[in-house]
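Right, one structure below, let's go through it.
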Amino acid sequence: MPWRVMPDDRKAGVMPNPYAVWLSEVMLQQTTVAAVRQYHQKFTRIWPTVAELAAAEDADVMAAWAGLGYYARARNLLKCARAVVADHGGAFPQTYDDLITLPGIGPYTAAAISAIAFDEVSTVLDGNVERVMARLYDDHTPLPAAKPVLMDYAQRHTSNERPGDYAQAVMDLGATICTPKSPACGICPIMVECAARAAGSQTELPKKTPKKPKPTRHGIAYIARRADGAWLLETRPDKGLLGGMLGWPTTEWGDAPDEYEPISADWIESDTEARHTFTHFNLVLRVQTAWLPQDASPNRGQFMPEDTFSPSALPTVMQKAYTLAAATLRPV
DNA sequence: TAGTCGTGGGC
DNA sequence: TGCCCAAGACT
């Protein structure tokens, strides 16, 4: 990430911007660096400081987050920014104990911010560190039960003098060398100390409890335009899937789709379905489109003028539905 | 504690 | 192709 401060500069007293560190750590939760980079750039360009982010409209922040996933992070991001401004004078708290009280900041993120941005002696334990420690000590206890002992291992290695450098180094080790599939043990700086390497068990670790199969759910999205070109959209409730995001009115997503039209109209079914994979289920989404008269009054959603709507403000599954609908809902 | 909560990329 | 996943938090 562009905000990173290399060890020599950190030794000279240069510290990273806490706002940039916080933003990146939240975005990186369960998300790849490649996906985060452009979003981090966009957020710091639009909202250069935590105070400016705190003053932003909810809808603008959700739209900027669209496509990155796990949308509760965006809602908590705003809550956190506003708490930093309201309760901490616009300056991020510097300790693990204070940081973890903030919305969206859990054990990992509190440790990462306090260590990286403030050089507090906090131990980061993310997926990378769990893997490094499980291998270093050849521990076959399956996750997540192994977390406490892996944290104990990780604390033994945390530097009292350079906790920020250590935190970044151990995660980089996991991200680039001690990787899940094909670890590059030959160039690993701690190869000779690694018990899994000695036992030949490195690719089996860390052990994980088996996961449940994903069910397939079905639903229908209704994509309608008014005569003036406005789109019928709705803001989803804060709680639950895609919470707080803009989207098309849809049926419930269940074993079998029930027909529920947001307004009576001559709906035309798209010839193909949108398929999308969520964390815990697969979705097959039928798409129906319609043109509505100018005086239409649907029982769900609200019309968004053509010139203020952008599909980029939608979560990916809704963008997929939009792509299918665009074939039959050409511009006015 | 185990379920909920997105997405795109790699193999 | 389907599965695994990637710098977790929240309930």
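Note that these values count all heavy atoms, side chains included, but never hydrogens, waters or copies made by symmetry. Per chain, numbering begins at 1; letters A, B, ... match sequence-line order.
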N/O donor-acceptor pair under 3.5 Å between A:Thr101 side chain and A:Asp97 backbone: no
Shortest side-chain distance from A:Gln29, nucleotide among B:dG6, B:dT4, C:dG8: C:dG8
Sugar-phosphate, base or nothing in reach of A:Gly240, heavy atoms under 4.0 Å: sugar-phosphate
Residue pairs fulfilling side-chain hydrogen bond (donor to acceptor under 3.5 Å, both in side chains) with at least one residue in residues 197-210 of chain A, sequence neighbours excluded: A:Asp138-A:Ser201
Candidates B:dC5, C:dG8, C:dA6 - which lies nearest the side chain of A:Thr32: C:dA6
Presence of A:Gln30 side-chain N/O under 4.0 Å of C:dA6 phosphate oxygens OP1/OP2: no
Sugar-phosphate, base or nothing in reach of A:Leu242, heavy atoms under 4.0 Å: sugar-phosphate
B:dT4 OP1/OP2 closer than 4.0 Å to side-chain N/O of A:Tyr70: no
Basic-acidic side-chain contact under 4.0 Å: A:Arg225, A:Glu306: yes
Touch class at under 4.0 angstrom, heavy-atom based, for A:Val26 against every strand present: nothing
Enclosure of A:Glu269 CD (heavy-atom neighbours >12, cutoff 6.0 Å): yes
Sugar-phosphate only, base, or nothing, as touched by A:Thr31 at under 4.0 Å among non-hydrogen atoms: base
Between B:dG8 (C1') and A:Gln38 (CD): distance, integer Å: 11 Å
Contact under 4.0 Å: A:His280 side-chain N or O vs B:dG3 OP1/OP2: no
Separation of B:dC5 P from A:Arg75 CZ (nearest whole Å): 10 Å
B:dT7 phosphate, OP1 or OP2, under 4.0 Å from A:Thr316 side-chain N/O: yes
OP1 or OP2 of B:dT7 under 4.0 Å from side-chain N/O of A:Thr277: no
Whole-Å distance separating the CG atom of A:Asp126 from the C1' atom of C:dA6: 9 Å
Separation of C:dC3 P from A:Asn282 CG (nearest whole Å): 8 Å
For atom CZ of A:Phe278 and atom P of B:dT4, their distance in whole Å: 14 Å
Residues within residues 207-216 of chain A bordering DNA chain C, heavy-atom distance below 4.0 Å: A:Lys208, A:Lys211
A:Trp248 side chain to A:Met318 backbone, donor-acceptor under 3.5 Å: yes
Minimum side-chain heavy-atom gap A:Leu143-A:Glu130 below 4.5 Å: yes
A:His276 vs B:dG6: side-chain N/O to OP1/OP2 distance below 4.0 Å: no
